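Sequential numbering from 1 along the given sequence is applied to the chain's residues. The model shown is predicted, which means the values in this text are computed figures rather than measured ones. FYI, side chains are in, hydrogens and waters are out, and symmetry mates aren't considered; it's all heavy atoms of this structure. Indexing begins at 1, ligand by ligand and atom by atom, following the structure's order.
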Amino acid sequence: MNKEQLIIFDTTLRDGEQSPGASMTRDEKVRIARALEKMRVDVIEAGFPIASPGDFASVQAVAEAVDDSIVCGLARALDKDIDSAGAALKKANAARIHTFIATSPIHMREKLRMTPEAVLQQAVHAVQRARNFTDNVEFSPEDAGRSEVDFLCRVIEAVIDAGATTINIPDTVGYNIPHQFGQLIRSLRERIPNADKAVFSVHCHNDLGLAVANSLAAVRAGARQVECTINGLGERAGNAALEEIAMAVRTRQDVFDCDTHLDTTQIVPCSRLVSSITGFPVQPNKAIVGANAFAHESGIHQDGVLKSRETYEIMRAQDVGWKKNQIVLGKHSGRNALRTRLQELGIELESEEALNDAFIRFKQLADRKHEIFDEDLQALVSETSAEAKEIYKLVYLHVCSETGEKPVATVTLSVDGEEHTREAVGGGPVDAAYRAIKDIIGSNCRLLLYSVNNITTGTDAQGEVTVRLEQDGRVFNGQGADTDIVIASAKAYLNGLNKIKTQKERAHPQLGDV
Ligand code: KIV
Ligand code: ZN
């Protein structure tokens, strides 16, 4: 029997980005959108175009880059928001406008200061306006999880009549409990006379750790779209994790009368990409994508799995994209082999120059590390971003660490082709290197986050460092990878500083140092 489709609406680039500190640049969003498309995500919410010119440009860039998934832009129920979303999505193959207004008593009274009647009318007007841009319009009654059901029914019936094709029920503050949320979806579908004219969707936040459970209860009650994010990224405690929703539904087909169209083998690569771009590490015991999700420690379990995998595993690791580390390239591999492998990984370098640059880095890495894995290649291209010109380049780094002594770093940077050297003492080797770099550049940016992850296993593995820097209220992430984590740290710092500098140069070409 053919199952109904469960539509996967990914909002990593919108709600995920609302996670404090998870801001992404336009190019980073395009890379994630391409990975989501490869996973066959049905709808990609690319951003909130009215929020800032950067958000507008990102939605526009994702709309241009993506062919197969629907690209969605968020808009409050305001004309200017909807027009901005319509304009940003103009070039999308398939576009959706997602408009919302709050319907809970507390939001209407305290935040909007509007009467319920005025909210209802504004919702209808917003949907009608959005329909001028696209036939694919989603409406969300924000804070539906704390709204009165009678009022919700009236609003939803009216917006479906006005042309909304998807009705999304958000548990905005993560207040609901699974049986209650499932019952809400069931009763809305039963009570609203035109409910069959729209797809019901849910959008659950994780404040009580119930976002996935609530979403699944809603699916059991007839919801056919789930809004979720990679690694559960999102505002406050996050959103429902895409990987958990997808694998729960796929694994328990005895319980669910629908399934997604996802290529689940793309889950782990996508999770890694999001983690490395945002600098939010994935906890080892995280379901599906955590490093320990398929690791068996106890002797009894290991013995069981060796005899029959199903004794302790309910999913196959390779079905969600875990692979045995495969040596893919080595010291003697040529430029073509690199290009082909990158293409197989879904990475298209924009120009021959970018390939040449990646090839030089690849050869440098292969000199130090005999076995190059896919993950190493991914990290290698993460560092080369078209958005950040290499204005500051690491030429030389020497750090002296000794028990009982403060580490000293000597750093030489090339700044616009001119070499500068400084020495600095720090609390640790990375701190010393950062002080020397800061001294050369004269930067006053703030370091908000510093995180190190090992890319593969083994003591010769590359460490991947992500830093988050803040300058004049704007946040930039930098990445760097190397078998030496002090060098990886310096590269990540310079990558972030180059992004700040490049942005500044674009905005004010006459400005000097960061
Ligand atoms: O959590 C929420 O209510 C939202 C809406 C905009 C759907 O993110
Ligand atoms: Zn949300």
Problem - E243: which of K286, R272, R250 passes salt bridge (Lys or Arg N to Asp or Glu O under 4.0 Å) - result: K286

Exercise for the section: Please determine if D15 has a nitrogen or oxygen closer than 3.5 Å to a nitrogen or oxygen of ligand 1. Expected result: yes

Problem - Pair R14 + E227: basic N to acidic O under 4.0 Å - result: no

Exercise for the section: Going by the side-chain contact (heavy atoms from CB on, under 4.5 Å) test, name the single residue among I8, V41, I7 that passes it with T260. Expected result: I8

Problem - atom 4 (C) of ligand 1 [closest protein heavy-atom partner, distance rounded to 0.1 Å] - result: H203 NE2, 3.5 Å

Handout entry: Proximity to ligand 1 by part of H205, non-hydrogen separation under 4.0 Å
Key = side chain

Exercise for the section: Sequence neighbours left out, what passes salt bridge (Lys or Arg N to Asp or Glu O under 4.0 Å) with D42? Give chain and number order. Expected result: none

Practice task
State the atoms of ligand 1, each with its element, that fall below the 4.0 Å cut-off from a heavy-atom position in E142.
Solution key: 3 (O)

Handout entry: Donor-acceptor contact present, side-chain T99 to main-chain V127, <3.5 Å
Key = no

Exercise for the section: Please name the atom of H203, restricted to N, O or S, that is closest to the Zn ion (ligand 2). Expected result: NE2

Practice task
Please confirm whether H98 comes under 4.0 Å of ligand 1, counting heavy atoms of the residue only.
Solution key: yes

Exercise for the section: Please round to the nearest 0.5 Å and tell me the distance separating atom CD of E142 and atom CG of D171. Expected result: 11.5 Å

Handout entry: Proximity to ligand 1 by part of T172, non-hydrogen separation under 4.0 Å
Key = both

Exercise for the section: Taking the Zn ion (ligand 2) as the reference point, name the nearest N/O/S atom of D15. Expected result: OD2

Handout entry: Sidechain N-carboxylate O distance under 4.0 Å for D79, R129
Key = yes

Fill in the blank from the handout: min-distance protein heavy atom vs atom 6 (C) of ligand 1 -> R14 NH2, 3.7 Å

